[in-house]
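A quick note: this is a predicted structure, and the numbers were derived from the prediction, not measured. The basis for the numbers below is simple: all heavy atoms, side chains too, and nothing from hydrogens, waters or symmetry mates. Letters go in sequence order (proteins before strands), and every chain restarts at 1.
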Amino acid sequence: MTEFFHMGGYALYVWGSLGMTFIVLLLNIVLPLSQHRDVLRKAAEFHEWEGRDEK
Amino acid sequence: MLLTGTQLESKRNHRTLFKALNFELDAGQLLLVEGHNGSGKTTLLKTLAGLREPDAGQVLWEAEYRPQFVWLGHANGIKDDLTALENLRAMQTNSLPPKTVLEQMGLAGHGNRFPRHFSAGMKRRLALCRLLLSDAPLWILDEPQAALDKAGIRLFEALLSGHLQQGGSVVMTSHHDIGLEGQHIRRLGLGT
Amino acid sequence: MISILTRWFHRLASPVWFYRIAGKLLPWLWALFALLLVTGLYGGLVTAPADYQQGDSFRIIYVHVPAAWLSMFVYMVMAVSGAIALIWRIKLAEMVLVSCAPIGASFTFIALVTGALWGKPMWGAWWVWDARLTSELILLFLYLGVIGLYNAIEDKRMASRAVAILALVGIVNIPIIHYSVEWWNTLHQGATVTKFDKPSIHIDMLIPLLLMAGAFKVFFVISLLLRTRNELLERELPRQWVKQLVEENAND
Amino acid sequence: MRLTHAFVSLLYRDFTVAFRHRNEILNPLLFFSLVTLLFPLGVGPSPQLLQTIAPGILWVAALLAALLAADNLFRTDYEDGTLEQLVLSPLPLPLLVIAKILAHWLVSAVPLLLLAPLLAVAFGLEALAIGVAELTLLLGTPVLAFVGAIGSALTVSLKRNGMLLALLVLPLYMPVLIFGSNAVDTAAAGLPVSGQLYLLAAMLVLSLTLAPLAIAAALKMSVSQ
């Protein structure tokens, strides 16, 4: 198994590339999801405020 | 009907400037758009002039497309580095001699001077010359009387009634009252 | 046939329909992405034989090449949705256009960094003025330009029109930039011999590469759907359907 | 007929406005010569080195001067309201835009063409290379003007947009830089440069035909703010 991780001496470069790639991919999921939560919260405030106006 | 606006709506991001706006304007009439600052007056005029698209609704023209019109915005549309006469030649679309137009607007003798040295009122008068230098039937004016003195306002109102009598029509915004007999004027309140 | 098409086209433009469809599609897309990723990585890192010249460092292509392909593909998607937004004024196209830019920039960044990490063991230099890498770097600036312009204009509808114009200007320039850099590189070939094209692709090297390219494309769709949904909610905030959505969300 | 009349009068008008600001015409020139002056101070005065990097320096300086000039191409018109009037004119906006950019090019780039040979001599380029440099600048600077105008039209309504304009426009300037400076390099080595010149000419034709459409659309967007 350690042979696999060794990557023929290029472990740093191969795992470095893979690691960096997945961090960027993760960002492209986590950021939109947290924005999604923020927008929903903003919408809730807007409509809740709006609701009070109509009553 | 020269112009009918149906269910017009315009927004800037979430702020709705106006919504479900209906109005009409016929030849020989003046549509006075009133409202407090920020009520979307300029946006409405820009929509009529085609500078901006409405978010909903539409503007219908009698001849399916927008007729020739003169636009006067907040900015005067004149170059500080061209002499008054050069500016007039730039805005001209009919064949009236610019010198007489200058005199008509009370700017006689300033022909070869640069607007840079003019007072705000004189600059506005120079900008208003655009109305005389075009035969377009429709005028779209955004606060044309801004910075005008009393004599200037009287001069401008004379232009208005002359244009309306010839069957021309005007859409304008203003904070001053218009000294014309009521029958030509339609009023449209925004931001109520 | 046409009536179905136009009806579908207009329904696509209705926000509620899009929001619901996106919600339904996402789980399936996640499954597909996971499948493609696992098989691609397994193929690329385990079964594919090491390259006779570069040894195991060649395995970086399983991330570098799909990212580079995708960075170009995303720009094209951006330009097409820009054209649709400009010509037919479809709001949804504006939102797709705007959501594409950050994703495209991310994949261009991945391609650049993995390119440097691949270049280091082979030529001993972190950055090599190779034609492909240089074009990729310029592409990154094109994306940053799009993102910069969009954030600089407050009125989002105007910002989308400006970005649509810029994306179309960009798509016309990308081939010009690519071939002039390619030409510029061959011209100064004397400096460093950079043979960057893919090593001779052996069949069981190629399969994982295509799988990874597929995985990245599916990922692009997932991230695009998520971002477009946010843009949709942002723009349609005062609308009634967003109100119901918020209520639904509140009780579950 | 009305179109050519409007085209010529717009060209003449922009020309007179520019000439009334004579000192402003010098700005791109001063900037161009100052930037080229920086390089010898930075890399050292050795003639061989300067001779080899001279084409690159001249072209990078010309690029930056064009970028600087592009910023105020529409800005004054936007502020004094003449841009609105131009957009509302019944005549086709792309053609009027070409008149404006032609006037801008005559005022900002042509003086540069006159100054470039002097600086090239200071860098030790021979006559042939200088001649080719002139030719590439003649073909390239209009492309820089048109592409710069696209960026300028997109950002004219923004308050502070200096860096954004550079970010939008510099990547699109790169192909011109590549072929322009390389043509001078090859000419200095005595090799034929027709290939590069044809490509520059092709870029000129492309920007002359496509850029005005993008500029007109961008101006309509900026004016509607």
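- Between C/W183 and D/F179, a ring centre-to-centre spacing shorter than 6.0 Å is recorded.
- Contacts with chain C were tallied for D/G151, D/A153, D/P175; D/P175 has the most, counting heavy-atom pairs under 4.5 Å.
- Using a 4.5 Å heavy-atom threshold, the side chains of C/F141 and D/L167 count as touching.
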Practice task
Could you give me the CA-CA distance, side-chain angles and deciding distance for C/I176 and D/L206, then say whether side chain to side chain contact (heavy atoms under 4.5 Å, CB included) is met?
Solution key: CA-CA 11 Å; C/I176 300 172; D/L206 192 71; 3.4 Å; yes

Handout entry: Chi angles and distances behind the side chain to side chain contact (heavy atoms under 4.5 Å, CB included) call for C/V163, D/L154
Key = CA-CA 9 Å; C/V163 163; D/L154 282 169; over 6 Å; no

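- Interatomic distance, CG of D/L199 versus OH of C/Y179, reported as 13.0 Å (0.5 Å rounding).
- Surrounding CZ of C/F109 are at most 12 heavy atoms belonging to other residues, nucleotides or ligands under 6.0 Å away.
- There is no contact between D/T186 and chain C, counting heavy-atom distances below 4.5 Å.
- Here C/I153 is the residue among C/I153, C/D155, C/L144 with the most heavy-atom pairs under 4.5 Å with chain D.
- Separating the OG atom in D/S207 from the CG atom in C/N173 is a distance of 9.5 Å, to the nearest 0.5 Å.
- Scanning both residues, D/M221 and C/R161, for their nearest heavy atoms gives CG-CB, 4.0 Å.
- Taking both residues in full, the closest heavy atoms of C/G148 and D/L164 are given as C-CD1, 3.7 Å, listed atom of the first, atom of the second, then distance.
- Atom-to-atom distance recorded for D/L213:CG and C/L168:CG is 11.0 Å, nearest 0.5 angstrom.
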Handout entry: Residue pair D/M174, C/I138: steps toward the side chain to side chain contact (heavy atoms under 4.5 Å, CB included) verdict
Key = CA-CA 9 Å; D/M174 289 174 187; C/I138 299 173; 3.5 Å; yes

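- Surrounding CZ of C/R239 are at most 12 heavy atoms belonging to other residues, nucleotides or ligands under 6.0 Å away.
- Looking at D/L168 and C/L142, their side chains never come closer than 4.5 Å, going by heavy atoms from C-beta outward.
- Contacts of D/L210 with chain C are made by side-chain atoms alone, with heavy-atom separations under 4.5 Å and no backbone atom involved.
- When all heavy atoms of C/I177 and D/P171 are compared, the pair lying nearest together is CD1-O, 3.6 Å.
- Heavy atoms closer than 4.5 Å to chain D are found in both the backbone and the side chain of C/L149.
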